[in-house]
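Here the structure comes first, spelled out in structure tokens, and everything after it is commentary.
The basis for the numbers below is simple: all heavy atoms, side chains too, and nothing from hydrogens, waters or symmetry mates. Note that ligands are numbered from 1 as they come in the structure, with each ligand's atoms numbered from 1 the same way.
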Amino acid sequence: MTTADSTPAAAQTGPLSSAADDDWWRTAVIYQIYPRSFADGDGDGTGDLPGITGRLDHLADLGVDALWLSPFYPSPQRDGGYDVADYRAVDPRYGTLADFDQLLARAHGLGIRVIVDLVPNHCSSEHAAFRAALAAAPGSDERALFHFRDGRGPDGSLPPNDWTSMFEGAAWTRVTEADGRPGQWYLHLFDPSQPDWNWDNPAVRADFGRTLRFWLDRGVDGFRVDVCDALVKAPGLPDWPRPTHGVIEPVDGVMPPMWDQEGIHEIFRGWRRLLDSYDGRRILCAEAWLPPDRAARIIRADEMHQAFNFRFLETPWQAGPLRKVITESLAANDAVGAPTTWVLSNHDVMRHASRFGYDGQVELEHGVGADDPQPDRPLGLRRARAATALMLALPGSAYLYQGEELGLPEATSLPDAARQDPVWERSGHRIRGRDGCRVPLPWTEEGPALGFGTGTGSDTWLPQPSDYGSYAVAAQRGRPGSTLELYRTLLDLRRRYRLGEGTLTWVASSDDVPRPGGDDVLHLANGPVEVVANLGGHPVPLPPAARVLAASEPVTTEVPPDATVWFTTGEADTTGEANTA
Ligand code: GLC
């Protein structure tokens, strides 16, 4: 029995076909690019659009269907670009609109669709509309674009309500009025540099319609919609003397007043109509940290197309909880006719190659410092590979985050002085934040910035750990058993066996496969492909007839601990030509 060899995936991509693929998103594997850290075309230490265009072959070679670009719009970068100062332009640090058009054309030529980030809950305090609101008087039309309120208390010195910011501290900041006196307060669910738009105001809706059209007219294939569940706030902005962070769930049947209010659906329906008026192939993907049944309401047939499955991402490497979240996710999304998505890493959470190097639940967004307990790196990587192999076998659509295909670990010893995540300062240096998953990628084992930059500069906006070179693309490409080759193999097989379109069946543990520690094993079938993920401490025998297609670790007749194996048992396999070495 052998593991699968790599088969070039690039041969299977090609220029996008014009029709007949309206449902591409139902099964797509979508690769997230964080532009600041993917590739640096001008050597200034910060990634940019020409850098990305120059590296798109990597995505074609990997075999993904689409890419999602985190924000590249003009921004003071107080929150990594999620503080947008102009929604319809490119930050000069990242290039120009012409650079964007080139990126799009090159991606489309390679058969890769392009999704951009829409950040509708808030803008940057440098946005022209907010600057105008600050300059204008209380009660003005300019202020009505945002949530300005008088403060509480006799002199208005207390915030208008008790809401807290996602980045710690109050969700309100007081402004100084034109006469120099302390004045009104404005709402920001995130950093003070990110004022929340007032979505009750038709002018806000109209302006976002223009933004959507601007990018759709340029040819983008869709939008990932940032914190979409926060757009509408409960009337009167009532107090909510409970946590607003973490798991957002109804309390006694009532949602927190800043999350998942009924009014959001009408907005999404309007956007859907707009997208559908193009060609029926543009999509909306919801970022909403909601339980599966609440997230599913956002992706009903006339709203968005898909939503990130953060419950899956939050689940530790334990068989029971994973089985439960997979089953519940599929049920919730099937009920509304939407595909289920799967995701393990993104720019907001500890990379899964490090997360799984701790036992149990970890704080996803807290970050790790040099003096904190460090993850068990080999164990983390081993489990990450197994988790990815489990994820890519599941029906639906999957999201990958740049660098995970290299098994890249979180940077867990960044100098504190280098940290950029606003939560580090706002929490009084208690929460280190998300910089550790945002470090510039290693492309080559050596050289300035490990190939991240094409210039001579080796100083990157966040420093690269000294061992990142060993994870470089060049170090892994073509090396049997490398994480990069594992991803290429899995993506190739996923496409070939049409696993995205498939149906998941759990294989009962009482069948012909005896399993020591059976509760720690996930055994599923998707079409002719069977998958055994062993999350326990003992090897698990494979069925005698198993023909291994891919494995996250070398296997013989058994699946070792913390490993996942894809196999067929012969009869039903009509696709598996030449997969094995
Ligand atoms: C989303 C983004 C995150 C950002 C936040 C505020 O959660 O993914 O990076 O900080 O929104 O825009």
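Residue-level proximity to ligand 1 for Arg224 is carried by the side chain, the only part with a heavy atom below 4.0 angstrom. Residue-level proximity to ligand 1 for Arg434 is carried by the side chain, the only part with a heavy atom below 4.0 angstrom. The residue His188 has no part lying near ligand 1, judged by heavy-atom distances below 4.0 Å.
Checking Tyr94 against Thr46 by side-chain atom types alone, no donor-acceptor pair falls below 3.5 Å. In summary, the side chains of Asn161 and Trp172 do present a donor paired with an acceptor at a separation below 3.5 Å, with no hydrogens or angles considered.
For the pair Arg281 and Trp24, the NZ or CZ position fails the cation-pi test of under 6.0 Å to the six-membered ring centre and within 45 degrees of the ring normal.
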Requested in this report: Could you walk me through whether Glu425 and Arg430 pass salt bridge (Lys or Arg N to Asp or Glu O under 4.0 Å), step by step?
Outcome: CA-CA 8 Å; Glu425 292 299 335; Arg430 192 171 53 80; over 6 Å; no
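Which parts of ligand 1 touch His122 is read off a 4.0 Å heavy-atom cut-off, strictly below it: atoms 6 (C), 12 (O). Every atom of ligand 1 with a heavy atom of Arg438 under 4.0 Å away is listed here by number and element: 9 (O). Ligand-side atoms of ligand 1 in range of Val227: 11 (O), range being under 4.0 angstrom from any heavy atom. In summary, the atoms of ligand 1 found under 4.0 Å from a heavy atom of Phe167, numbered by their order in the structure, are 10 (O).
Closest to atom 4 (C) of ligand 1, if we only count protein heavy atoms, is Asp79 OD2, 3.3 Å. For atom 7 (O) of ligand 1, the closest non-hydrogen atom of the protein is Glu287 OE2, 2.8 Å. Protein heavy atom nearest atom 8 (O) of ligand 1, with residue, atom name and distance: Asp348 OD2, 2.5 Å.
Comparing Val119, Asp226, Asn121 by heavy-atom distance to atom 2 (C) of ligand 1, the nearest is Asp226.
A salt bridge is absent between Asp421 and Arg432: the closest approach of a Lys/Arg side-chain nitrogen to an acidic carboxylate oxygen does not fall below 4.0 angstrom.
Across Tyr401, Trp25, Phe308, a single residue satisfies ring-ring contact (aromatic ring centres under 6.0 Å, His included) together with Trp68, and that is Phe308.
For Asp302, the CG atom counts as densely surrounded, since its 6.0 Å shell holds more than 12 non-hydrogen atoms of other residues, nucleotides or ligands. Dense packing is recorded around CZ of Arg218, with more than 12 heavy atoms of other residues, nucleotides or ligands lying under 6.0 Å away.
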